[in-house]
Amino acid sequence: MDTGNIAWMLTASALVLFMSPGLAMFYGGLVRQKNVLSILMQVFMCMGMVTLIWLVVGYSIAFAGVATDGEAAFSLGGWSILGDPAHYFFARGLPLDPTVGDLAAHEGLTFVFQMMFAIITPALIIGAFAERIKFSGFMLFTALWSIFVYPVVAHWVWGGGFIGSEIGALDFAGGTVIHINAGIAALVMAIVLGPRRGWPKRAMPPHSIVLTVLGAGILWFGWFGFNAGSAGSANLQAVNAFITTQVATGIAVLAWITMEWIRDGHPTTLGAATGAVAGLVAITPAAGFVGIQGAVAIGLIAGVVCYLAIQLKTRFRYDDSLDVVGVHFVGGLIGALLTGVFAVQVLGEPILGDAAVGGSLEQLGRQAAGAAIVIVYSFAFTFVIAKVVDWTVGLRVAEDDEVVGLDLSQHSESGYIYDEAEGGAVTSLVGGGSAGPASTTTGEANLGDSGGVTRSAED
Amino acid sequence: MDTGNIAWMLTASALVLFMSPGLAMFYGGLVRQKNVLSILMQVFMCMGMVTLIWLVVGYSIAFAGVATDGEAAFSLGGWSILGDPAHYFFARGLPLDPTVGDLAAHEGLTFVFQMMFAIITPALIIGAFAERIKFSGFMLFTALWSIFVYPVVAHWVWGGGFIGSEIGALDFAGGTVIHINAGIAALVMAIVLGPRRGWPKRAMPPHSIVLTVLGAGILWFGWFGFNAGSAGSANLQAVNAFITTQVATGIAVLAWITMEWIRDGHPTTLGAATGAVAGLVAITPAAGFVGIQGAVAIGLIAGVVCYLAIQLKTRFRYDDSLDVVGVHFVGGLIGALLTGVFAVQVLGEPILGDAAVGGSLEQLGRQAAGAAIVIVYSFAFTFVIAKVVDWTVGLRVAEDDEVVGLDLSQHSESGYIYDEAEGGAVTSLVGGGSAGPASTTTGEANLGDSGGVTRSAED
Amino acid sequence: MDTGNIAWMLTASALVLFMSPGLAMFYGGLVRQKNVLSILMQVFMCMGMVTLIWLVVGYSIAFAGVATDGEAAFSLGGWSILGDPAHYFFARGLPLDPTVGDLAAHEGLTFVFQMMFAIITPALIIGAFAERIKFSGFMLFTALWSIFVYPVVAHWVWGGGFIGSEIGALDFAGGTVIHINAGIAALVMAIVLGPRRGWPKRAMPPHSIVLTVLGAGILWFGWFGFNAGSAGSANLQAVNAFITTQVATGIAVLAWITMEWIRDGHPTTLGAATGAVAGLVAITPAAGFVGIQGAVAIGLIAGVVCYLAIQLKTRFRYDDSLDVVGVHFVGGLIGALLTGVFAVQVLGEPILGDAAVGGSLEQLGRQAAGAAIVIVYSFAFTFVIAKVVDWTVGLRVAEDDEVVGLDLSQHSESGYIYDEAEGGAVTSLVGGGSAGPASTTTGEANLGDSGGVTRSAED
Amino acid sequence: MKLITAIIKPHKLADVKDALQDVGVTGLTITEVRGFGRQRGHTEVYRGTEYQVDFVPKLRIEVVADTKDVDLVVRTLIESARTGSIGDGKLWVTDLDYVSRIRTGEVGSDAI
Amino acid sequence: MKLITAIIKPHKLADVKDALQDVGVTGLTITEVRGFGRQRGHTEVYRGTEYQVDFVPKLRIEVVADTKDVDLVVRTLIESARTGSIGDGKLWVTDLDYVSRIRTGEVGSDAI
Amino acid sequence: MKLITAIIKPHKLADVKDALQDVGVTGLTITEVRGFGRQRGHTEVYRGTEYQVDFVPKLRIEVVADTKDVDLVVRTLIESARTGSIGDGKLWVTDLDYVSRIRTGEVGSDAI
Ligand SMILES: Nc1ncnc2c1ncn2[C@@H]1O[C@H](COP(=O)(O)OP(=O)(O)O)[C@@H](O)[C@H]1O
Ligand SMILES: Nc1ncnc2c1ncn2[C@@H]1O[C@H](COP(=O)(O)OP(=O)(O)O)[C@@H](O)[C@H]1O
Ligand SMILES: Nc1ncnc2c1ncn2[C@@H]1O[C@H](COP(=O)(O)OP(=O)(O)O)[C@@H](O)[C@H]1O
């Protein structure tokens, strides 16, 4: 790999990692104040735990097939289904060895660039079960999902598996692998966990749209690494992916706020930020394959359709708290399908016959088939994992913990301590050094009342 | 284009895009809480709307002349005045075609790198009319300005137009095109809209200097893409621009807070952040042309003079709310002129005769001429556009809307909902799904009082 | 230097600069609200003042020896002790000259990349004396430290000095130069300044963990520039450093929150963010030398040991307010020593005999020797500088100023003005234009009470 | 005229407001307060150091009412604010010398 | 001694404070509160879902005054706080048993 | 029953709370307020423009107490809140018609 390609892929990998804190801010602003840290914490757990899982088995499952001369661990009638988990077990075989020459840097960069994708995908799901999930349940769910769902789907589409190789579905930077996959898992989780206490009757407005917009800005910035980095080199396709990403996103912002202006009477800042994410999601599978005009179309459609899609949850009564389904599933699906419509031959591989611009019905079918398989697989396996977690450590916090907020009940912390009384005089140091296995929930009255004592940090 | 250059220009383009959310935070922190979202929204609108405008006609107007072998749409006595808007209309002609070979990536990168400049320039103006502009007026103003002012000036200086080619004014990364241009437009807008209700008698302190400093940090970071990216390649001039950017900015921070320490008795955090921006602005036109010593001088002068310049608004009674004139116009002018003084022959093209360090009177004259032309043009056209918008959709919100704040009155949102009472029990869901063309301003009492009913969301 | 290497080093330099605002947010969130701006301000001062110091003498002291064919200003028995401060005095000799060819870009990039390191190192110390240092004292301390401590140590390890060349201690990206150095300086400052009023009895919880997590995210992102940029080129070692950075950090997050879960009963968001920084610190000296397995070990040990180390301050009664010692000194030491254990021959230079994986006892000894020398030097010189500053301008604010908070007392500002009453009606404009050398501390009653008048901005 | 002041749990506000509206109360004023009482607060842990937060968030509700309505308002308020668990809060009534509506200058019963 | 409490529109604070100072009031205490009354709140829309915010921001002003000054303070306060539109707020007066200045322990009129 | 209200300096809260607990007070309610009085505020400077902030942060403490305990509570509160410098604040006592504990409906002395 030449230095320019290395330079770009290092940068792109850093940018994709940066998307995770960006997502944390985006989601964090959308919840109520008492749950903001739980969101940030969960995203950081993805950054920590998935790093470990990816180097132990994830990378192997997803990519061992290709690297080992096309031999997959499991294949069905010649269709590769799984990479060999033992191949790079604990990153053992990863040839970061200068004697291997050119391959080494390339493999190392693939390993780490793809790791960043593996991190952010489960992080996207967080929006669906926000404000009510048990932290231990979240940890187990995310671990299992990052072993049994994400790398498998990544293998199918990118790692030499059958969706990419046999069915021929295109997915430039993860419309199917990431957004459809996470979006459908989000739907499952929203259904399995049930709605938040009081939803939809009680208002649960975002506690800081400022934080959300900051997050959207970081996401937009990082997404250039996500999409243009998916070219794998600093080449023309990367340039194209960069441009289409910017164009689709800008157009989606306009489309979304236009819908709001017409239907709700006011264009909103939250709408602009959400529209940006919808555009980014939708262009993801297409970025390296479509031209600027295709990007305009995809951005426009994503802005309009995702806006309409997020209204569905109130109709169908699933509390997808931060609209992961409406934005990521629907946006990802739009992008996956429209890639089949707008893919241009001259970019990347010549794919769709001889038209200079335009896709084909055939390719559209391939796209739909790829998406459908992932939807079914992700739905089923996410459901099973969710149930397993629910039966073992449990998925949902106790009602009291939900009322108090996850920050206090799960993490013994407050996101903000702005007022002097709370920050200063009211609190007092209990013990120096380690606090010991304390609990916020010991139900003892501190003034010795003999009456019934219940825990009530907020009430 | 080789991979290293592509890698750098992709990175630089992403960095410049990131400056827009950075600017949103910088400006957003400076307004009162009730207007923070309106700032963020307006910046996001630039990110959306200007993307569209740039691909439809902006890029053509600015750069068609060069790309089409130097033929401009309009020229006056051999001086190129305008690129041909039809040339790349709707990005049609943009040769993102691998068969074109090397040119393609270069052209694509120019298109998108320059798009990021076209986005942030009108976003800078937002500071002048903050806290009182009507959202629809803002949209129309920004659209017109991004068609009739920005690309025209860009053409003159960078696109083969007469200021760059005939007059020979130097503008490395946009001192004239961006900062003088936006700064003078800001002055016009501040005058046309008139001061905020209560200004200058009533205090309007920044609601979050923390947010502003975060924004300044992002701007500083992104500005390396802005300035070092303006070299167009990963070459020595880019390295030089990077170093001079860092040096001038650091010095300007010191200069600004020293002025404050002497004159106000306290060095302030807001001063440090503002000084950084002043330094960044001033070094912009010079970054690739001057050496480290020149950068020190420019940073020093910018810090001192911009500090003094922002005091002028209270004297001349124009409410340039966030000091766009004092920082961007004055900083840009300082940089543009001093480029003529400190430009060094050995960097980039040999420009100023044979002196190893130093400019020339002649070049200073060229710089002044270039700046003067842009000042006159931008002043006049911004004024005309402002008046047109004012007469049609209107520029300024009603007094009530201003008192309530633009977040609620223009966007039906609140930036922060920190307290439990507001976030929880006090609000209640009105309707599921789309809210319908509602209005925050229906003046009906909810308890059936028969007395005079007026709208009063804040009072 | 080829374009790919330039592209990467420009990017890396920008990323390292971005770490400073990131650190400002990380630290800023940890203090009480009344001191948040003082933290941000101090970090910005490092960004300003150290830029100046570095170009005047810092770079010369640190690196003149190597660049001038190995001649140091001072050497002791052939061991290079100091670069010649006059060599690049005021950046004069810096050959940013295209005629010099390849050398020029490389030298310029070294100059500016290393400048970013020189900026963030004293910024790290800020955490130790937070919430009580006088601004003028901080300025003088940081200036002296950036002349007499940082560049000297940098010379010893990286600039051709004896620790790197004769003793042979490895320090890839600054475990010894930066983290041990700043960490020990932090210990000195915590002791010299004494604890904050009320510590440890009175609670001083972080005012915004959200801000801290945002800062941690920016740090993580920027650290890729820090570590992978320390390879100096876009090569395999950079790729390796990037991967090990990600791996160690992710593991450290997990290790830290596991410790919390076991010992305190709750895994916390602040713990996750702190664990990330501990991991980043510990991998820094090792990043280019160890493999993925080594990174796992280092991350794990750093997470556990740093968690335990931050509990020490309450036992030994020094108020290292934001845990610089526990995280940076201890983390840096762990990394420095473990580099001697886990360094792998095949990466970078073949260093440790013939083992494919593993260090050697000998190298461990070299690492320990290098660290010990820096500890002694930094301790002694920081102490002397601290005392000099204390005797001259003073280090600690008056008790009243501490109670009021540094934002108001040192900078006449408030970090946040969220409520209408404070932001609006309560304040009133005193004077247009420059405020004059005012003071917040004039102790005059504004209602003409004849009784004893004291200053009391907060009480 | 009387002033009825109640300290309640924040999440009961909606219930209280609705109940009061139902019995004809047309106005009230709320304040965010923190209470210290039999209900214990909670602990927070920052980097291994544990803090005890003794005060719990409460809302103060103030209703100015005609003397003849006081009983009804008090009863309604107590019933709607009650959860039965510790920390439900207190209610007290003060006598007022004088009440006025600022907009019109009306006084006494007409002012509320 | 009497306690005068007024709920006013936040943006009238400066006027009220100035007016009270002019008639010799040397101290007062303000609290941020939210009021529910004839003045309706506003709606907010988040991703197409509309919320009604019933409470509007108000300020409570408290002035302890000598019985003989109450009339003047009340009149001044009402006049300076009035805008004439709905939501101007209420004012009420309570009798105090005892007033003291904490710093000196002075009681009664001397304490204010 | 009496209501004791005190405006104090925020950093004295811990002392006041401890002192009151020592004399048997089992509950109190605090509110963040801003006071205007003899103690001057501070100035802030933003980009060279200076603002005067007239109000200083204070805490209001409210304690409902049995009439027979009022003297003790008042004395304790004043002593523990005193720093001796300007701005220590005020304290006043109001008579209450009625006090009730919401949880149980107990009234009078039993309610506190
Ligand atoms: N003596 C008191 N004076 C003022 N407020 C009180 C008093 N006692 C309790 N409170 C308020 O009532 C709230 C509830 O009191 P608490 O003792 O916790 O429960 P309960 O009222 O159910 O016995 C407290 O948080 C505090 O705000
Ligand atoms: N009965 C009441 N008790 C306590 N506060 C009240 C009462 N009625 C109104 N208020 C307060 O007065 C404010 C203004 O009342 P509102 O009915 O909106 O207008 P107006 O006083 O002009 O008739 C309310 O927001 C509320 O804070
Ligand atoms: N007449 C008053 N009515 C209500 N509150 C008052 C009054 N006078 C003072 N206060 C409150 O008491 C606080 C302290 O008063 P101040 O005059 O500054 O000091 P001191 O009480 O020591 O004389 C003020 O900030 C204000 O909150």
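Each chain gets a letter, A, B and so on, in the order the sequences are listed, and its residues count up from 1. No experiment lies behind these values; they were computed from the predicted model shown. Side chains included, hydrogens not; waters and symmetry mates left out as well; all remaining heavy atoms used.
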**Study point:** Worked verdict on A:M45 versus C:I257 for side chain to side chain contact (heavy atoms under 4.5 Å, CB included)
**Key:** CA-CA 9 Å; A:M45 286 306 101; C:I257 66 121; 3.6 Å; yes

Exercise for review: Please step through side chain to side chain contact (heavy atoms under 4.5 Å, CB included) for the pair A:M41 and C:I209, ending with a clear verdict.
Suggested key: CA-CA 11 Å; A:M41 180 68 169; C:I209 294 182; over 6 Å; no

Toward chain A, the part of [X] with a non-hydrogen atom under 4.5 Å:
| X | result |
| --- | --- |
| C:N5 | both |
| C:V36 | neither |
| C:L254 | side chain |

**Study point:** Worked check of side chain to side chain contact (heavy atoms under 4.5 Å, CB included) between C:I251 and A:L52
**Key:** CA-CA 7 Å; C:I251 303 295; A:L52 180 62; 3.4 Å; yes

Check your understanding: Of the listed residues (C:V210, C:T245, C:T249), which shares the most heavy-atom pairs with chain A below a 4.5 Å separation?
Key ->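 Of the options given, most contacts go to C:V210.
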
Closest heavy-atom contact between [X] and [Y]?
| X | Y | answer |
| --- | --- | --- |
| A:A104 | C:L236 | CB-CD1, 3.8 Å |
| C:F242 | A:S13 | CZ-CB, 3.3 Å |
| C:Q293 | A:F90 | NE2-O, 2.7 Å |
| C:I243 | A:F111 | CG2-CE2, 3.8 Å |

Point to revise | Plane angle bin for A:F135 and C:W261 - parallel if under 30°, tilted between 30 and 60°, otherwise perpendicular | key: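 Geometry flag for A:F135 against C:W261: tilted rings.
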
Review point. How are the rings of A:F221 and C:F221 set relative to one another: parallel (under 30°), tilted (30 to 60°) or perpendicular (over 60°)?
Key: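 Because their plane-to-plane angle is over 60°, the rings of A:F221 and C:F221 count as perpendicular.
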
Segment of [X] engaging chain C (4.5 angstrom heavy-atom cut-off):
| X | answer |
| --- | --- |
| A:S20 | neither |
| A:M47 | both |
| A:T3 | both |
| A:M116 | side chain |
| A:I119 | side chain |
| A:L17 | side chain |
| A:Q410 | backbone |

With rounding to the nearest 0.5 angstrom, report the [atom1] to [atom2] distance, [X] to [Y].
| X | Y | atom1 | atom2 | answer |
| --- | --- | --- | --- | --- |
| C:E260 | A:S412 | CD | OG | 10.0 Å |
| C:I292 | A:T51 | CD1 | OG1 | 11.0 Å |
| C:T268 | A:L37 | OG1 | CG | 9.0 Å |
| A:L55 | C:Q246 | CG | CD | 10.0 Å |

Exercise for review: Would you please indicate yes or no on a ring centroid separation below 6.0 angstrom for C:W256 and A:F44?
Suggested key: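 Not close enough - the centres of the two rings lie 6.0 Å or further apart.
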
**Study point:** 4.5 Å side-chain heavy-atom contact, C:V239 and A:M9
**Key:**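 No, every pair of side-chain atoms sits at 4.5 Å or beyond.
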
Review point. Got A:T11 and C:L15 here, is their nearest side-chain heavy-atom distance under 4.5 Å?
Key: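 Counting from C-beta outward, A:T11 and C:L15 never come under 4.5 Å.
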
Exercise for review: Considering only heavy atoms, give the residues of residues 223-234 of chain C separated from chain A by less than 4.5 Å, sorted numerically, with 'none' for an empty result.
Suggested key: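 C:F224, C:A234, listed by number.
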
**Study point:** For chain A, which residues of residues 270-280 of chain C have heavy atoms nearer than 4.5 angstrom
**Key:**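 From residues 270-280 of chain C, the residues near chain A are C:L270, C:A272, C:A273, C:A276.
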
For chain C, which of [options] has the most heavy-atom pairs under 4.5 Å?
| options | result |
| --- | --- |
| A:P21, A:A14, A:A24 | A:A14 |
| A:D407, A:V112, A:L10 | A:L10 |
| A:A91, A:G4, A:G415 | A:G415 |

Review point. After noting the C-alpha distance and the side-chain angles of A:Y416 and C:Y416, does the key distance pass the side chain to side chain contact (heavy atoms under 4.5 Å, CB included) rule?
Key: CA-CA 12 Å; A:Y416 314 90; C:Y416 314 90; over 6 Å; no

**Study point:** Heavy-atom donor-acceptor pair, C:Q33 side chain to A:I417 backbone, under 3.5 Å
**Key:**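 Not confirmed, C:Q33 side chain does not pair with A:I417 backbone.
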
